[in-house]
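Note that ligands are numbered from 1 as they come in the structure, with each ligand's atoms numbered from 1 the same way.
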Amino acid sequence: MEREAVLVAIDVGTSKVVALIGEVTRDGALNIIGKGTPASVGLKKGVVVNIDQTVASIRSAVEQAERLSGYNLESAFVGVGGGHVESENSAGAVAVSGPSKEISREDIARATEVARAVNIPSNREILHVLPRGYVVDGQEGVMHPLGMSAVRLEVETHIVHASATAVQNLSKCVQQAGVRIDELVAQPLAAAEAVLSGTEKELGVAVADFGAGTTDVALFLDGSPYHTRVLPIGGNNVTNDIAIGLKTSLQVAEDLKIRYGTCNVNAVDPDEQVTVEAIGEDTGRKVDRAEIARIIDARMRELFEKLGDEIQAAGRGGMLPAGVVMTGGASQLAGTAELGRQVLQMPVRVAGPTGVGGLVDHLLTPAHSAPIGLLLWGARAITQVDLGRYESAPAHGGLGRIRDWFRNLFP
Ligand SMILES: Nc1ncnc2c1ncn2[C@@H]1O[C@H](COP(=O)(O)OP(=O)(O)OP(=O)(O)O)[C@@H](O)[C@H]1O
Ligand SMILES: [Mg+2]
């Protein structure tokens with residue numbers, strides 16, 4: 001199939017960096033043609049704490065992806081994670097201008113600008129201003145107001161913002177690795193792109209990406225996000241607990257967790273013992289498998305309680321008819337969905353990414369939902385006919401270029 005565009009996604013995670021190169025074919029399919037997934041160093045809980053190490057990690061991912069694809073990577077859609085990512089909802093209203101009293105692109109942009117003018121401290125950087133819907137002369141629930149006759153246009157937006165300095169440090173690392181930024185995308189929204197169905201987003205759903213250092217959360221209703229947040233807790237906390245509880249190194253604890261870990265204490269024979277096999281100071285030692293499960297259960301329970309608090313705090317009575325869709329590396333622990341259902345009292349499923357083809361070996365696992373979602377986000381951004389939603393997005397240099405590219409395609 002003929003190639004329409006090539007785009008790149010980079011997810012700089014706490015445990016790994018993922019660089020993906022995708023091609024959008026003329027029939028709209030997205031195929032992965034290059035990937036690099038090295039372990040990352042230089043980040044803590046999704047935030048850059050060492051520039052040089054992070055740059056080296058990104059470079060390594062980029063080089064792997066370039067070698068595999070034979071494509072020279074220039075710019076990328078980049079995920080932003082870390083506990084500093086937050087959101088709020090804001091509305092903006094304007095009088096419809098022009099003699100015809102028909103809503104124009106300019107009216108939509110002005111209304112969005114008004115919504116965006118909400119008081120956000122100067123140490124925050126706005127990542128997204130996403131329209132949730134429009135109110136046209138009092139009529140709610142309008143999704144496509146362009147061309148409608150009206151006097152007054154109101155837009156409801158979901159604004160996602162992050163610490164300006166954390167964003168600058170991440171941007172610096174990506175740029176020092178030789179990559180320009182097309183757009184910065186909040187990780188929870190990227191993960192949502194890869195695992196949520198349209199119906200779930202309409203009904204009301206949460207995505208929870210359980211990573212190494214963070215849990216990315218985004219809540220959707222009526223098709224769009226209304227709460228985005230990154231919780232600074234993840235699979236590394238579980239590993240730490242095992243290391244402390246069993247007095248082992250982190251490496252041994254990680255190995256025990258992945259080999260024998262489960263959230264379901266009752267499923268483990270109380271007499272079963274497992275042997276420490278990882279290369280470490282205590283190779284050959286025996287530990288109770290039930291003890292590992294108890295430690296995991298306690299921490300995962302806490303994680304789900306925090307997630308439940310977040311869902312409650314987001315309002316709407318904590319109602320999510322389609323429940324919670326879990327993803328991320330740490331969602332792969334045996335028994336997580338069951339424990340989630342028990343603590344949250346709502347439907348919970350674990351999902352991996354869908355919607356891509358090509359070189360997907362080892363990529364269609366929950367740990368890769370965010371990077372694949374970033375690629376899907378990018379593909380939508382560069383092929384979207386109505387670029388209205390990008391007119392007011394922060395200009396990181398890349399979007400203008402995408403718009404130009406797009407205009408060349410459809411003059
Ligand atoms: N099979 C498995 N069972 C349980 N946990 C696992 C498994 N595989 C990976 N993990 C855990 O998943 C975590 C890594 O997940 P992921 O790759 O999604 O994180 P990340 O994207 O690097 O980090 P973050 O998103 O927090 O910045 C680690 O804590 C790891 O122990
Ligand atoms: Mg992640």
Side-chain angles (χ1 to χ4, degrees), residues 9-20 35-49 53-54 57-58 61 78-85 162 166 170 173 185-195 207-218 229-243 249-264 278 292-293 295-297 299-300 303 307 326-337 339-340 350-353 362-375:
I10 299 180
D11 171 358
V12 190
T14 311
S15 74
K16 64 184 194 315
V17 178
V18 180
L20 297 177
K35 63 183 172 190
T37 60
S40 65
V41 268
L43 290 104
K44 271 214 171 87
K45 295 190 179 291
V47 177
V48 175
V49 292
Q53 287 179 340
T54 306
S57 302
I58 298 172
V78 176
V80 179
H84 55 91
V85 174
L170 175 67
C173 291
V185 182
Q187 291 283 35
L189 299 180
E193 204 71 34
V195 299
V207 63
D209 179 333
F210 287 43
T214 60
T215 296
D216 303 335
V217 184
R229 189 75 207 272
V230 177
L231 307 175
I233 178 170
N236 282 355
N237 296 83
V238 178
T239 305
N240 278 335
D241 292 351
I242 295 174
S249 67
L250 283 175
Q251 192 194 346
V252 167
E254 177 76 10
D255 183 68
L256 287 172
K257 178 179 86 171
I258 292 189
R259 259 179 220 245
Y260 307 110
T262 169
C263 303
N264 189 348
I292 303 175
I295 295 171
I296 293 175
D297 171 87
R299 179 59 86 164
M300 290 302 283
L303 221 161
L307 177 60
M326 289 175 51
T327 192
S331 71
Q332 298 172 99
L333 267 169
T336 12
L339 181 64
V350 174
H362 310 295
L363 279 185
L364 298 183
T365 75
H368 298 97
S369 295
I372 286 178
L374 270 176
L375 211 53

Peer 1: Looking only at heavy atoms, is any part of Q187 under 4.0 Å from ligand 1, and if so is it the side chain, the backbone, or both, or is it neither?
Peer 2: neither
Peer 1: Can you list the residues that meet the salt bridge (charged side-chain N to carboxylate O under 4.0 Å, His left out) rule with K45, with sequence neighbours excluded?
Peer 2: none
Peer 1: Test side chain to side chain contact (heavy atoms under 4.5 Å, CB included) on V49 and T54; report intermediate values, then the result.
Peer 2: CA-CA 8 Å; V49 292; T54 306; over 6 Å; no
Peer 1: Would you check if I296 and T262 make a side-chain contact, meaning some heavy-atom pair closer than 4.5 Å?
Peer 2: no
Peer 1: Looking at atom 27 (O) of ligand 1, what's its closest protein heavy atom, distance included?
Peer 2: T14 OG1, 2.6 Å
Peer 1: Is a side-chain donor or acceptor of Q332 paired with a backbone partner of G329 at a separation under 3.5 angstrom?
Peer 2: yes
Peer 1: Report the nearest protein non-hydrogen atom to atom 25 (O) of ligand 1: residue, atom name, distance rounded to 0.1 Å.
Peer 2: T214 OG1, 3.6 Å
Peer 1: Can you pull out the closest protein heavy atom to atom 23 (O) of ligand 1? Residue, atom name and distance to 0.1 Å, please.
Peer 2: A212 N, 3.1 Å
Peer 1: Name the closest protein heavy atom to atom 21 (O) of ligand 1, giving the residue it belongs to and the distance to 0.1 Å.
Peer 2: K16 NZ, 3.3 Å
Peer 1: Nearest protein heavy atom to atom 31 (O) of ligand 1, by residue and atom, and its distance?
Peer 2: E254 OE2, 2.5 Å
Peer 1: Ligand 1 and D11, any nitrogen or oxygen pair closer than 3.5 angstrom?
Peer 2: no
Peer 1: Could you tell me whether a side-chain N or O of T14 sits under 3.5 Å from a main-chain N or O of G46, the two making a donor and an acceptor?
Peer 2: yes
Peer 1: For atom 4 (C) of ligand 1, find the nearest protein heavy atom and state the residue, atom name and distance (0.1 Å precision).
Peer 2: L333 CG, 3.6 Å
Peer 1: For G235, take its heavy atoms, then give the atoms of ligand 1 lying under 4.0 Å from any of them.
Peer 2: 29 (O)
Peer 1: Checking side chain to side chain contact (heavy atoms under 4.5 Å, CB included) between T214 and each of V230, D209, L231, I233, which is the one that passes?
Peer 2: V230
Peer 1: For A330 and ligand 1, does the shortest N/O to N/O distance drop below 3.5 Å?
Peer 2: yes
Peer 1: Tell me: protein heavy atom nearest atom 8 (N) of ligand 1, and distance?
Peer 2: Q332 NE2, 3.4 Å
Peer 1: Without swapping roles, check the side chain of T215 against the backbone of G211 for a donor-acceptor pair under 3.5 Å.
Peer 2: no
Peer 1: Is it the case that the side chain of T327 and the backbone of P366 share a donor-acceptor pair, with hydrogens and angles ignored and the cut-off at 3.5 Å?
Peer 2: yes
Peer 1: Measuring from atom 26 (O) of ligand 1, which candidate in G213, A334, P366, C263 has the nearest non-hydrogen atom?
Peer 2: G213
Peer 1: Would you check the N or O atoms of G329, main chain and side chain alike, for any that come under 3.5 Å of an N or O of ligand 1?
Peer 2: yes
Peer 1: Can you tell me which portion of N236 lies within the under-4.0 Å heavy-atom range of ligand 1? Options are side chain, backbone, both, or neither.
Peer 2: both
Peer 1: Determine whether a donor-acceptor pair (N or O, by modelled atom type, separation under 3.5 Å) exists between the side chain of K16 and the backbone of A367.
Peer 2: yes
Peer 1: Counting each atom of ligand 1 from 1 as listed, which ones have a heavy atom of G13 under 4.0 Å away?
Peer 2: 22 (O), 27 (O)
Peer 1: Would you mind reporting whether L339 and N264 have side-chain heavy atoms less than 4.5 Å apart?
Peer 2: no
Peer 1: How does K45 reach ligand 1, if at all, at less than 4.0 Å between non-hydrogen atoms: by side chain, backbone, both, or neither?
Peer 2: neither
Peer 1: Do me a favour and list the nearest non-hydrogen protein atom to atom 20 (P) of ligand 1 with residue, atom name and distance?
Peer 2: S15 OG, 3.7 Å
Peer 1: With a 4.5 Å heavy-atom cut-off, do M300 and V238 have their side chains touching?
Peer 2: yes
